[in-house]
Amino acid sequence: MALRAIRAKARRLPSLLPSLNIHSSSSSTDINVSISSHSLAHHLLDQFSKPTLLRDSERLRTLAAGLTPDAVEAVLRDLQSWRAAHDFFRWASDQPGFRHTCYTYNAMASILSRARQPSLLKSLLHEVFSRKCPMTPGALGFLIRCLGSQGLVDEAGLVFDHAEELSCVPNSYTYNCLIEVLANAGRFKMVESRFREMRNPGKYTFTSILKSYCNAGMVEEVWRVFKEISDRGWVDEHVFTILIVSFCKWGKVDKVLELVEAMEGCGMRLNEKTFCVLVHGFVKQGRVQNALQMFDKMKRAGFNGDLALYSVMIEGLCVEKKLESALALYREMKKIGIGPDVRLVKTMISSLCGVDMVNANSLLEEEGDKLSLDGLLSLYNAVLEGMVRFGEAERAHLLLRAMMACRSSPVASGDIEGVASDCLFRIKKSVFPNDESFNIVVCGLCKGEKLDIALVLLDDMISAGYRGKLLMHNNLISKLCSVGRLEESYNVLKKMRELGFVPTEFTHNSIFYCLCKKGDSSAAIDLLKEMRHQGHVPWIKYCTLIVQKLCKGGKVDEACSFLEDMVQIGFLPDIIAYSATIDGMCRVGDMDKALKLFRDVSSGCYLPDVVAHNILINGFCKAGRLADAEEILNEMVNKGIFPSTVTYNLMIDGWCKEDRIDKAIAFFSKMNDESAPPSVVTYTSLIDGLCSVGRTEDALRFWNEMQEKGCLPNKIAYSALVHGLCKCGRPDTALLYFIEMKERTFEPDVSLYLLMINSLLLKGNSVNAFELLEQVLPMVGSIKSDSKDYRLMRKALCELSKDSGIPLDKRILIDSVCDIQEDTYK
DNA sequence: ATAGGGTTAG
């Protein structure tokens with residue numbers, strides 16, 4: 001349409017229009033010049049519609065003699081394929097005496113842009129310039145748009161700037177075309193500079209500016225330009241539409257609705273395409289309700305939705321589980337004569353499964369009959385999917401079993417009323433499952449942790465001649481591995497290989513995870529070698545697991561050599577895996593080894609972080625080497641790493657354990673409320689330390705300070721305070737906190753009860769002691785006969801049974817406990 | 001279309 005408009009405009013400029021006469025007279029004279037442009041085009045079309053080999057070269061030569069730009073345009077317009085058109089165009093270019101005009105070039109350019117042939121478009125452009133084809137400003141604009149539509153934005157700018165070489169002076173239309181191209185490409189900076197060049201920008205210019213800011217997402221500029229357009233009285237449906245579509249894209253649904261109303265207020269209407277864009281856009285943003293409202297508006301405006309539009313709304317409703325509305329819309333769609341596609345029926349059925357089996361079933365029967373067996377099967381798979389999604393993997397499994405049974409017992413009539421009694425689904429025809437069916441059910445069973453069922457199903461599937469899908473094998477292996485069923489996962493691995501599947505990085509990593517968790521370093525190394533071979537990369541986090549497992553089992557050296565082997569294979573463990581190993585070394589007291597590994601890692605590729613330093617500091621503190629710990633701390637600070645709360649906690653606890661409260665408090669006072677504030681751990685260490693040197697009053701002061709700072713005591717903090725107060729001979733104070741502790745539902749350990757009881761007895765408070773004893777009795781079963789708790793229990797019972805202040809019936813109770821204890825403990 | 005590590009207090 002644009003092409004025609006330009007041409008019509010250009011017709012008014014005769015000087016630039018090459019006329020038929022000029023060409024005819026300049027061609028050779030022995031040719032019949034009376035042939036009309038129309039019939040020339042007809043004959044050429046006839047020739048170029050044929051394959052190259054079938055063209056009559058003699059005839060072509062004759063026709064070439066009378067070739068005119070009008071005829072070329074007509075032929076280009078009518079040729080069916082862009083290749084034929086291009087072929088013809090090239091031929092025309094080669095005819096002596098013929099010159100393309102800007103209209104023939106543009107006709108070709110338009111065809112190439114519609115055919116998405118940017119490189120041919122570029123060569124065409126070169127020809128335009130090398131032949132210095134004169135262009136009207138309108139034609140130039142058109143060419144620029146063609147270029148722009150194929151992403152040749154820079155070329156468009158170049159054409160514009162070299163218009164002079166084509167004897168063309170761009171006018172505002174040309175500008176508008178260029179600005180539009182730049183706007184669509186999101187080059188708002190260039191749009192702005194071109195805009196400044198223009199002398200009298202008009203409505204179209206402003207519209208393009210608006211578009212460019214929309215494309216660039218510059219909301220403020222958009223409003224500014226919109227206001228300018230509106231001030232000039234240029235707002236039209238197009239302008240509104242640009243705004244509405246953009247705001248929809250940005251998810252500003254409310255603004256869209258506002259704009260639509262404003263537009264309606266001006267007596268303007270959205271067009272059908274915009275309605276569709278809005279409905280789609282709203283659904284995509286999860287605003288299904290708004291989409292439905294917009295759709296109502298659309299219907300009132302006289303437009304009907306198509307399958308795509310209904311589908312998007314129905315699917316949106318299904319996602320929101322508004323199945324009744326979805327079903328209603330589905331019925332409406334069918335009523336106005338739009339047939340659903342398989343995709344939509346599948347969505348409906350799988351969404352209904354589990355919720356509304358009756359409708360799911362009737363939908364399946366209603367649509368299934370119209371489908372091929374494949375289509376029908378895909379509906380059954382939708383049922384399986386729906387059940388799985390609804391958490392009914394076992395029901396899906398039953399249905400699948402019923403489908404498998406159909407296969408093994410074909411019935412003469414061809415129609416099996418197969419009913420899996422528990423799955424509420426009838427199998428109308430003999431639908432056999434396919435690999436996808438097994439995939440759905442096995443994945444569902446995996447998700448529901450029904451691994452045993454899945455394993456049996458896998459075997460039966462293989463016996464029935466299926467191979468399933470990669471995903472189900474992977475999922476099965478992954479699930480088995482995550483619950484430590486290594487042997488079985490190797491088994492599945494073997495089977496999937498036999499079925500022709502190639503294990504993926506995920507498969508291998510699932511097994512790698514299991515091996516790491518079990519601490520099987522030699523198998524893990526073997527697997528890593530295999531993975532290296534396959535180009536698979538291990539998930540490095542699992543390395544920490546194996547290192548921890550090995551260290552906990554006392555195999556620090558094995559952990560170390562595992563890491564070395566990994567490096568050998570070509571996988572570099574990260575600082576966390578190394579830290580875990582260093583920690584393991586610290587915990588077995590091998591500080592030399594820990595320090596050496598720390599140094600090796602530091603001089604290698606990692607700068608150990610604060611945690612790695614903390615681990616070493618912890619090691620030295622626990623070994624009583626406070627000076628060494630402090631040295632690591634200084635080293636860390638010198639590296640520019642800030643100590644954390646944990647760092648301070650370690651030093652404070654270390655010094656407290658050495659009874660050096662002064663040192664501990666010195667570190668405490670260095671703690672920064674911003675970057676490393678004291679925590680409940682800090683206070684617990686201090687309280688424990690203070691009590692162990694008898695400074696219970698100071699301990700209680702810290703206890704209060706802790707709570708004033710908003711730091712809530714936990715079970716360990718309470719235990720430390722109660723323990724400390726008991727040890728310092730203050731069981732009555734301790735009892736207050738012990739009771740508070742219980743009120744805050746921090747259940748004290750049995751040993752704290754026993755300490756409390758014995759401390760109370762020591763002070764002669766047998767009433768409270770006995771009360772606590774009664775409370776702790778239900779828990780004493782877990783006490784081992786050779787433990788400290790056992791001795792504390794015996795001691796308490798002994799004391800209580802001697803106590804004459806206890807009423808006789810209670811003493812009998814105690815004695816009986818003594819007997820029971822004797823029995824259970826011996 | 002998948003999994004998920006290191007340090008502190010009684």
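Sequence lines set the chain letters: A, B, ... in the order given, protein chains first and strands last, and positions in each chain run from 1. Just so you know, these numbers come straight off a predicted model, no measurement behind them.
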Under 3.5 Å, is there a donor-acceptor pair between the side chain of A:S675 and the main chain of A:N672?
no
Counting heavy atoms from C-beta on, name the nucleotide in [options] closest to the side chain of [X].
X	options	value
A:I716	B:dT2, B:dA9, B:dT7	B:dA9
A:S719	B:dT8, B:dG6, B:dG10	B:dG10
A:Q548	B:dG4, B:dG6, B:dT7	B:dG6
A:K622	B:dT7, B:dA9, B:dG10	B:dA9
A:N618	B:dT7, B:dA3, B:dG6	B:dT7
A:A612	B:dA3, B:dG6, B:dG10	B:dG6
A:K657	B:dG10, B:dG6, B:dT7	B:dG10
A:T684	B:dG10, B:dT7, B:dT2	B:dG10

Do we see a donor-acceptor contact under 3.5 Å between the side chains of A:N475 and A:K479?
no
A:R343-A:S311 side chain donor-acceptor pair, cut-off 3.5 Å:
no
Integer-rounded Å distance: [N] [atom2] and [X] [atom1]:
X	N	atom1	atom2	result
A:I546	B:dG4	CD1	P	16 Å
A:L563	B:dG6	CG	P	15 Å
A:K742	B:dG10	NZ	C1'	17 Å
A:K447	B:dA3	NZ	P	12 Å
A:D749	B:dA9	CG	C1'	14 Å
A:K788	B:dG10	NZ	P	13 Å
A:I615	B:dT8	CD1	P	8 Å
A:Y648	B:dT8	OH	P	19 Å

With a non-hydrogen cut-off below 4.0 angstrom, is A:Y578 in contact with a base, only sugar-phosphate, or nothing?
nothing
Check this one for me: any side-chain N or O of [X] less than 4.0 Å away from OP1 or OP2 of [N]?
X	N	value
A:R587	B:dG6	no
A:K517	B:dG4	no
A:Y513	B:dG4	yes

Let's test your reading of the model: under 3.5 Å, does the base of B:dG6 pair with the side chain of A:N614 as donor and acceptor?
no
B:dA9 base / A:N714 side chain donor-acceptor hit below 3.5 Å
yes
Inspect the contact between A:D786 and A:K784 and indicate whether a charged nitrogen and a carboxylate oxygen are less than 4.0 angstrom apart.
no
Run the salt-bridge test on A:R599 and A:E635 with the 4.0 Å N-O cut-off and return the result as yes or no.
yes
For a 4.5 angstrom cut-off between non-hydrogen side-chain atoms, does A:D628 reach A:M591?
no
